[in-house]
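Working notes, beginning with the structure itself.
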Amino acid sequence: MNILETKGLYHDFSKLQVLFDVNLQVKEGERHAVIGPNGAGKTTLFNVITGTYHPSRGKVFFKGKEVTGARPHEMTRLGMGRSFQITSTFGRLTAFQNIRLAILSKKGIRFQFFRKVDNMSAITEETDQVLKRINLDRERNIPASMLSYGKHRALEISLALATDPDLVMLDEPTAGMSKDETHYAVQLIRRLTEGKTLVIIEHDMDVVFSLADRITVLHYGQILATGSPVEIRENQAVKDAYLGALEV
Ligand SMILES: Nc1ncnc2c1ncn2[C@@H]1O[C@H](COP(=O)(O)OP(=O)(O)O)[C@@H](O)[C@H]1O
Ligand SMILES: [Mg+2]
């Protein structure tokens, strides 16, 4: 079954056409990588799927239900979690507070009520469990902006997962990481997405080919190919357009 599907998706920014007839299919339980050169439209595709933008044309289906145009918080409630290419943590809040905020927003508890729920031990407990799972329990009370780059990005990845989504969408989670940090992040992603569906935009081909069950290649806003890592590696159109240049 496809947990996520787009049908004939188009998007443009004023006159700039960015997505053309994108028919993406993500199967339940798979790890699906979206790759393609800079400017191909990968982040825009995420933004259209997660409700940040309304598509110019076409439809988005999540868990078999049409969700085109649903707002981001509705998508979160339906079971979709996402991370951003640009850091979206609250730098002055601690690791604990960032995770708690993500958990509270999923539960629909608004900021005004924050102080009251401050003492809610169930939420505190849930937050501490997440911190432990992501090995940030020792950094619990450190402001996000003071964390090392790798730990900060790990927190970022975890925010997408703090709401326990069925589908996790990560936009270049390893961008700017050292080799060690990337290795750690991939292990974290693998562990945290166990039993879930993952869609990941990733530029590091080692990560893509080690993590993904299936790969979709986006090129100038169109899907060039979808297939297993072996199929993508051997696809002539993909080699010509993209992978060849990277010597994969
Ligand atoms: N908010 C925006 N307004 C106008 N143009 C945009 C906006 N976001 C992205 N673009 C343009 O859309 C194209 C695709 O961008 P993007 O989806 O970020 O690509 P990718 O994530 O694959 O690098 C690029 O040409 C980019 O400049
Ligand atoms: Mg992008």
Side-chain angles (χ1 to χ4, degrees), residues 4-26 31-60 62 67-72 75 80-89 149 152-157 159-161 167-177 181-182 185-186 189 193 198-209 211-212 214-227 229 232 235 237-246 248:
L4 176 70
E5 193 166 1
T6 70
K7 288 189 182 163
L9 214 57
Y10 286 76
H11 195 69
D12 58 272
F13 294 108
S14 1
K15 288 207 175 82
L16 181 70
Q17 271 292 337
V18 177
L19 298 176
F20 302 85
D21 193 25
V22 173
N23 298 288
L24 175 73
Q25 296 185 334
V26 177
R31 297 200 188 96
H32 195 120
V34 176
I35 66 172
N38 252 336
K42 304 179 298 294
T43 296
T44 303
L45 177 61
F46 264 35
N47 282 332
V48 170
I49 290 171
T50 55
T52 303
Y53 302 143
H54 199 289
S56 317
R57 247 163 81 191
K59 292 179 174 172
V60 181
F62 181 48
V67 293
T68 319
R71 307 301 305 144
M75 297 308 291
M80 197 183 277
R82 82 167 287 188
S83 78
F84 292 84
Q85 188 169 357
I86 308 158
T87 287
S88 64
T89 52
Y149 186 77
H152 196 171
R153 295 295 305 204
L155 179 63
E156 182 94 15
I157 293 166
L159 289 183
L161 283 142
L167 174 72
V168 187
M169 316 255 301
L170 301 178
D171 192 349
E172 304 219 15
T174 71
M177 284 186 179
E181 286 169 338
T182 299
V186 170
I189 292 167
T193 58
L198 171 69
V199 184
I200 181 171
I201 297 175
E202 181 54 59
H203 66 282
D204 183 327
M205 289 304 133
D206 290 339
V207 173
V208 169
F209 283 98
L211 197 60
R214 287 205 309 149
I215 300 171
T216 288
V217 184
L218 203 64
H219 194 60
Y220 292 114
Q222 284 182 302
I223 292 185
L224 198 60
T226 293
I232 293 301
N235 183 297
V238 174
K239 276 194 214 168
D240 291 347
Y242 179 51
L243 288 182
L246 297 173
V248 169

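Each ligand, and each atom within it, is numbered from 1 in the order the structure gives. Every heavy atom of this structure was used, including side-chain atoms; hydrogens, water molecules and symmetry mates were not.
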Can you tell me if Tyr220 has over 12 outside heavy atoms packed within less than 6.0 Å of its OH?
no

Notebook entry, point to check: With a 4.0 Å cut-off on heavy atoms, does Gly39 reach ligand 1?
Noted result: yes

Going by the atom numbers of ligand 1, which of them fall below 4.0 Å from some non-hydrogen atom of [X]?
X: Leu16; value: 11 (C), 12 (O), 25 (O)
X: Asn38; value: 23 (O)
X: Tyr53; value: 1 (N)
X: Val18; value: 12 (O), 13 (C), 14 (C)

- prompt: Can you check whether Thr226 reaches Gln25 side chain to side chain, under 4.5 Å on heavy atoms?
  reply: no

Thr52 vs Arg82 side-chain heavy atoms within contact, under 4.5 Å
yes

Between Ile215 and His32 the two heavy atoms that sit nearest each other are C-NE2, 4.1 Å

Candidates Tyr220, Phe13, Phe46; heavy atom nearest atom 6 (C) of ligand 1 found on Phe13

By ring pair (Phe, Tyr, Trp, His ring centres under 6.0 Å), His11 pairs with (sequence neighbours left out) Phe13, Tyr53

Taken in chain and number order and not counting sequence neighbours, the residues that satisfy side-chain hydrogen bond (donor to acceptor under 3.5 Å, both in side chains) with Thr44 are none

Is Asn38 close enough to the Mg ion (ligand 2) that one of its N, O or S atoms comes in under 2.8 Å? no

